[in-house]
**Student:** 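First the structure, which I've put down as structure tokens, then a few questions once you've had a look.
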Amino acid sequence: MRILALDTATPATSVALADVPAPRSAPNTVAIELRDDPAPGSRPNHTRRLLELMERVMARAGTGWSDIDRIAVGIGPGTFTGLRIGIATAQALARARELALVGVSTLEALALPATDTTPERAIIAVLDARRGEAFAAAWAAGSQPGRARPSFGPAVLGPKDLETQASEFAAGGLAVGDGAVKFAAYLRRSGLIVAPEDSELHRVTAMAHCRLAIDLEPGRLSDVQPEYLRLPDAEIARRP
């Protein structure tokens with residue numbers, strides 16, 4: 001199955017195209033990812049780069065829309081604007097091209113490469129939720145995202161709650177994601193190992209979406225919705 005995947009839940013824009021021949025097997029034959037990672041403090045480039053990256057990935061693979069079997073899109077949790085851009089784009093393309101569409105948890109996609117690298121360790125995926133909070137979910141050692149339910153989460157947590165939740169999870173587990181870097185001190189106090197700051201494991205890759213998408217059952221396009229976990233900032237500001 002040839003899957004085109006995208007994720008815009010974080011400041012990065014990630015697009016991948018992969019042949020996934022059987023459930024949960026690693027992509028082969030075609031496996032291409034292109035991404036845009038803004039400099040720290042810079043605004044995301046989702047609007048400007050998403051379609052461009054999709055076109056470049058397909059061109060590099062020599063693939064046309066008629067060769068695509070399924071689109072996968074990250075549904076978060078993540079930034080509100082980024083999720084809206086990614087999901088709306090995926091829905092529009094699936095509708096126009098009459099393609100199946102599935103939504104993939106961004107936390108599951110973040111955790112999957114770490115479970116490949118260290119299957120003997122528990123994995124906690126942590127994304128920076130801003131406002132001093134983190135989005136987090138964790139999987140026990142030997143279990144895989146998408147196939148096994150998280151041991152906890154997905155949840156939005158303050159740093160102390162993150163530390164408490166993580167300390168009850170599994171000492172010696174591995175923490176990944178930009179939130180793991182930001183809240184590294186809290187996670188280390190809980191007994192977890194944080195991957196080195198420059199590790200690729202901290203980046204959400206749409207290649208993981210391709211692998212997770214093979215197990216998902218497509219439904220109505222409108223069923224693919226963002227997993228926000230909390231209210232948008234603008235709505236909170238309007239509240240008395």
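For this chain, numbers begin at 1 and follow the sequence in order. Reckoned from all heavy atoms, side chains included, excluding hydrogens, waters and symmetry mates.
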**Student:** Should Phe135 and Leu229 count as side-chain neighbours, where that means a heavy-atom distance under 4.5 Å?
**Tutor:**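 Side-chain contact under 4.5 Å: yes.
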**Student:** For Glu133 and Val156, work out which heavy atoms get closest and say how close.
**Tutor:** OE1-CG2, 3.6 Å
**Student:** Run the salt bridge (charged side-chain N to carboxylate O under 4.0 Å, His left out) test on Asp116 and Arg211 for me, step by step, so that the C-alpha distance in whole Å, both residues' side-chain angles and the decisive distance to 0.1 Å come before the verdict.
**Tutor:** CA-CA 12 Å; Asp116 292 340; Arg211 294 175 57 193; 2.5 Å; yes
**Student:** Is there a side-chain contact between Ile214 and Met1, using heavy atoms and a 4.5 Å cut-off?
**Tutor:** yes
**Student:** Just how far is it from atom CE of Met58 to atom CZ of Arg2, taken to the nearest 0.5 Å?
**Tutor:** 9.5 Å
**Student:** Measuring from atom NE2 of His46 to atom OG1 of Thr79, what distance do you get when rounded to the nearest 0.5 angstrom?
**Tutor:**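 The NE2 atom of His46 sits 4.5 Å away from the OG1 atom of Thr79.
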**Student:** Could you check if a side-chain atom of Arg121 sits within less than 4.5 angstrom of a side-chain atom of Trp139, using non-hydrogen atoms only?
**Tutor:**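 A side-chain contact is absent here, since even the closest heavy-atom pair is not under 4.5 Å.
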**Student:** If the threshold is 4.0 Å, N to carboxylate O, is there a salt bridge linking Asp128 and Arg130?
**Tutor:** no
**Student:** Check whether any side-chain heavy atom of Leu110 lies under 4.5 Å from a side-chain heavy atom of Val176, and answer yes or no.
**Tutor:** yes
**Student:** How many angstroms lie between atom CH2 of Trp65 and atom CD1 of Ile71, to the nearest 0.5 angstrom?
**Tutor:**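 So the CH2 of Trp65 and the CD1 of Ile71 are separated by 4.5 Å.
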**Student:** Counting only heavy atoms not in Glu98 (residues, nucleotides, ligands), do more than 12 fall under 6.0 Å from its CD?
**Tutor:** no
**Student:** Taking everything shown except Arg189 itself, do over 12 heavy atoms lie less than 6.0 Å from its CZ?
**Tutor:**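 Count over threshold, so yes.
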**Student:** Can you tell if the side chain of Gln144 reaches within under 4.5 Å of the side chain of Ile123, non-hydrogen atoms only?
**Tutor:**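 Sidechains of Ile123 and Gln144: no contact.
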**Student:** Taking the side chain as C-beta and beyond, is there a heavy-atom pair between Leu127 and Val204 under 4.5 Å?
**Tutor:** yes
**Student:** When you compare the side chains of Ser14 and Asp7, does any donor N or O come within less than 3.5 Å of an acceptor on the partner?
**Tutor:**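 Ser14 vs Asp7: no donor-acceptor pair found between side chains.
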**Student:** Of all the heavy-atom pairs spanning Ala175 and Leu187, show the shortest one and how long it is.
**Tutor:** CB-CD1, 3.9 Å
**Student:** Which heavy atom in Leu83 sits nearest to a heavy atom in Pro77, and how many Å separate them?
**Tutor:**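 Smallest interatomic distance, heavy atoms only, reads CD1-C, 4.3 Å.
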**Student:** Under a 4.5 Å side-chain heavy-atom rule over Ile, Leu, Val, Met, Phe, Trp and Tyr, are Leu157 and Val194 clustered together?
**Tutor:** yes
**Student:** Within this structure, what is the NE2-CG distance for the pair His209 and Leu112, rounded to the nearest 0.5 Å?
**Tutor:** 10.5 Å
**Student:** Is the closest basic N to carboxylate O distance between Arg48 and Glu52 below 4.0 Å?
**Tutor:** no
**Student:** Run the salt-bridge test on Asp198 and Arg203 with the 4.0 Å N-O cut-off and return the result as yes or no.
**Tutor:**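 Judged by the 4.0 Å cut-off on N to carboxylate O distance, Asp198 and Arg203 do not form a salt bridge.
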**Student:** Quick one: closest heavy-atom pair of Gly86 and Leu50, and the distance?
**Tutor:**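 Here Gly86 and Leu50 meet closest at CA-CD2, 4.3 Å.
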**Student:** With a 4.5 Å limit on heavy-atom distance, are the side chains of Leu99 and Asp69 in contact?
**Tutor:**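 Contact flag for Leu99/Asp69 side chains = no.
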**Student:** Side-chain contact, heavy-atom cut-off 4.5 Å: Arg35 with Arg49?
**Tutor:** no
**Student:** Enter the distance from Glu168:CD to Ser190:OG here, rounded to the nearest 0.5 Å.
**Tutor:**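 Atom-to-atom, Glu168:CD and Ser190:OG are 10.5 Å apart.
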**Student:** Could you state the interatomic distance from CD1 (Ile75) to OH (Tyr228), rounded to the nearest 0.5 Å?
**Tutor:** 11.0 Å
**Student:** Indicate whether the side chain of Glu33 and that of Thr205 have a donor and an acceptor atom separated by less than 3.5 Å.
**Tutor:** yes
**Student:** Could you report the tightest heavy-atom contact between Leu221 and Ala94, atom names first, then the distance?
**Tutor:** CD2-CB, 3.8 Å
